[in-house]
Asker: 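Dropping a structure here in structure tokens format, bear with me for questions.
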Amino acid sequence: MSKTFYETAAIDYANAAPHIGHVYEKIICDFLARFHRLDGYETNFVTGTDEHGEKIARAAKNAGQKPQAFVDYVSEKLFQPAYQRLLISYDDYIRTSSERHKRFVQEILRKVYEAGDIYYAEYEGLYSVGSERYVTEKELVGGILPGDSEPPVLRKEANYFFRMEKYRPWLVDYLHEHPDLIQPQAYRNEVLEMLKEPIGDLSISRPRERVPWGIPIPWDENHVTYVWFDALLAYVSSLASRGLFEKFWPYAWHVIGKDILKPHAIFWPIMLKSAGLPIYRRLVVHGHILAMDGRKMGKSLGNAVDPLALADKFGVDAVHYALLRDTTLGADSPFGEEVVAQRLNADLANDLGNLVSRVRTMLLKYCGGVLPEPSSPDSEMARAGVALAEKVRKEVDALRIHLALEEVLQYVRSLNRFINETKPWELARDESRKKELEDALYTVVEGLRIASVLLEPALPTKAKELRAALGLGDYTLAQTETWGLAPAGTRIPQEAPILFPKLEARPEPAPQAERPAADGLITIEDFARVDFRVAEVIKAEKHPKADKLLVLTLDVGDHTRQVVSGIAQYYTPESLVGKKLVLVANLKPAMLRGVESQGMILAGEDAQGRIVVVSPEKDMPPGTKIR
RNA sequence: GGCUAUGUAGCUCAGCCGGUUAGAGCACACGACUCAUAAUCGUGGUGUCGGCGGUUCGAGUCCGCCCAUAGCCA
């Protein structure tokens, strides 16, 4: 097996600033790239920005800029500096508006055209600008595509189409012949499921008069390339433009988010096949980062975490480590400051950093600051240490990065245990046991050398600093499989900064209200925490799965809310519409029989169990605060 | 509506082809120790292994149905 590794992170759509989701993916890739480099693979890691398309042209217009100026800004001032600050070790950054990319796309288009896989046809349908594609009636909810901000428009245009459907049987066979192509397996199943139905042909162009911002179709100046055909090819154009295609392309891994599975798992292999290029080796699909409460993260929800702020506060290494250790690839994972603080303090500061401190102090105190010559090369610690790399390789290969890291941390903990058991401070009091003391300290240093190398892909700066604090340099992964490579006689630096200073998650966690006093009375402050509002019922319907529940849509002044209420036995939906009620507006949302309830309606229940809702005595506008 | 995945201690997760008293880390409590970043090490718990039923000598692990969650398709 050739020791060559090519890896791509998805190229980011250049219409806004990078967020934690972008960063998460890049950090996964960075880990894999660094791991392979350490393991002796000739490695190339690429990412970039996807800069064409109608949406970007619009965003540029809104910003009062020409498209090129706009994407230059987003790519050069937002994405690249963020990734550099976060030490994402890409070898090339490919931008789809670059000349090298455009030339390559046109070359491939021509090839596919000449192979007879592109035809010209007229199409009329509903087009969503937000999603940059034609949509079907069935997809719409209330005349609008979920996720879009405006309804689709009727459009009729002649476009070029790529004969994708023709390749569907081939792709199904290919996936069966290559069961490991798409990972984790769940996503492979999903793709096979999609391929059971016709996938149709893919529109790959847009008329230039409408969308001037794109790569011209080489044989027809009146059309530009559609965004996916353009963007996916960046993975290859990066290599081709650097003369590295032959060398790296056959070993390609793509890392993507689950939201762009279809283009990567279906469009892309078929494009490659049609263009006569080899298919990539692996498609690694990761899940999304969620807010700490398990809900989606979003700027509008106000629960987004800023990756750069995290790095400023906790350090780049802690962000890498926490993101890798506390997420499961493929699944969605909650993430936030608490997670970083927790990992930084428990794993990095207490277990690892403190271990370095204690062994350094002892070497300086008991051995004159010089790494002693070990006398017994064989020990339990030694055997476990040299076996570690293989365990880690196995987990990384299975994309269980969080378990790979845990494997190393367990070894680190065993080193702490080893010190507690050998008690070097006692050995130091007895001159006749000097040999034992020296062996013990050497063992810990050597164990730390191994652990630091194995952690290096997740700790881009601190792993080196850790070794420097012990007077050691760099080693390859293979060099962790031999015990005793830390050279005896090495001078331990007199001074070394604390590797991982501990930090609190949040300086101002609002102290939760004390429990109610014994007399059952609450304070005025307790009461003030509840936000009561006047709300008008604008819609009411029966809960699809529960007899006692009604699903109400409420006007709360500046917005509407959906609230599920258990009053169906006493109120018909019709009787409620137009009524003004009292809403608890800041109640934590809950799922009631599968329907989300964003608050609750005040109502009283008498001894017979009859329920009566509370309503303002005189009319008040929706949204009015009640105290 | 159809399909897929997930559902294991408070939290995050591990449990391979079914087999002994179901595990780890974190958090919590107590103890030991002092070389160390009030660090480390040891000890400690209830877990209906989502629910119900089935196959089996035996199921967290297989099968069926149901529930919840995420997602895909229509």
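What you see is a predicted model; the values in this text were computed from it and never measured. Chain letters run A, B, ... following the sequence lines, proteins first and then strands; every chain starts at 1.
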Asker: Distance check: side-chain N/O of A:N350 vs OP1/OP2 of B:U40, anything under 4.0 Å?
Answerer: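 Yes.
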
Asker: Where the side chain of A:N354 is defined as all heavy atoms beyond and including C-beta, which of B:G15, B:A70, B:U40 is the nearest nucleotide?
Answerer: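 Selected nucleotide (nearest to the side chain): B:U40.
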
Asker: Let's test this: given Watson-Crick or G-U wobble pairing with both distances under 3.5 Å, identify the partner of B:U6.
Answerer: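 Because both required distances fall under 3.5 Å, B:U6 counts as paired with B:A68.
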
Asker: Less than 4.0 angstrom between a side-chain N/O of A:R417 and OP1 or OP2 of B:G42, yes or no?
Answerer: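 For B:G42, OP1 or OP2 has a side-chain N or O of A:R417 closer than 4.0 Å.
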
Asker: Could you pick out which residue, A:H402 or A:I498, lies toward the 5' side of RNA chain B when each is mapped onto its nearest nucleotide?
Answerer: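 Result: A:H402.
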
Asker: Any side-chain N or O of A:S357 below 4.0 angstrom from OP1/OP2 of B:U37?
Answerer: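 No.
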
Asker: May I ask you to check whether A:Y24 and A:H19 show a side-chain donor-acceptor distance below 3.5 Å?
Answerer: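 The criterion, which ignores hydrogens and geometry beyond distance, is not satisfied for A:H19 and A:Y24.
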
Asker: Taking atom P in both B:U4 and B:G15, compute the distance separating them and give it to the nearest angstrom.
Answerer: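 After rounding to an integer number of Å, I get 22 Å for this pair.
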
Asker: Which nucleotide, B:C41, B:U37, B:C73, lies nearest any side-chain atom of A:K262?
Answerer: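 Of the candidates, B:C73 comes closest.
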
Asker: If you assign each of A:A349 and A:K258 to its closest nucleotide in RNA chain B, which residue comes earlier from the 5' end?
Answerer: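 Per heavy-atom nearest nucleotide, the more 5' residue is A:A349.
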
Asker: If you define the side chain from C-beta out and look only at heavy atoms, does anything of A:V23 sit under 4.5 Å from A:I289?
Answerer: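 A:V23 vs A:I289: side chains apart.
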
Asker: If you measure from the P atom in B:G1 to the same atom in B:G44, how many Å do you get, rounded?
Answerer: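 B:G1 and B:G44 have their P atoms separated by 49 Å.
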
Asker: OP1, OP2 of B:A39 versus side-chain N and O of A:K502: anything below 4.0 Å?
Answerer: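 So the side chain of A:K502 is within the cut-off, an N or O lying under 4.0 Å from OP1 or OP2 of B:A39.
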
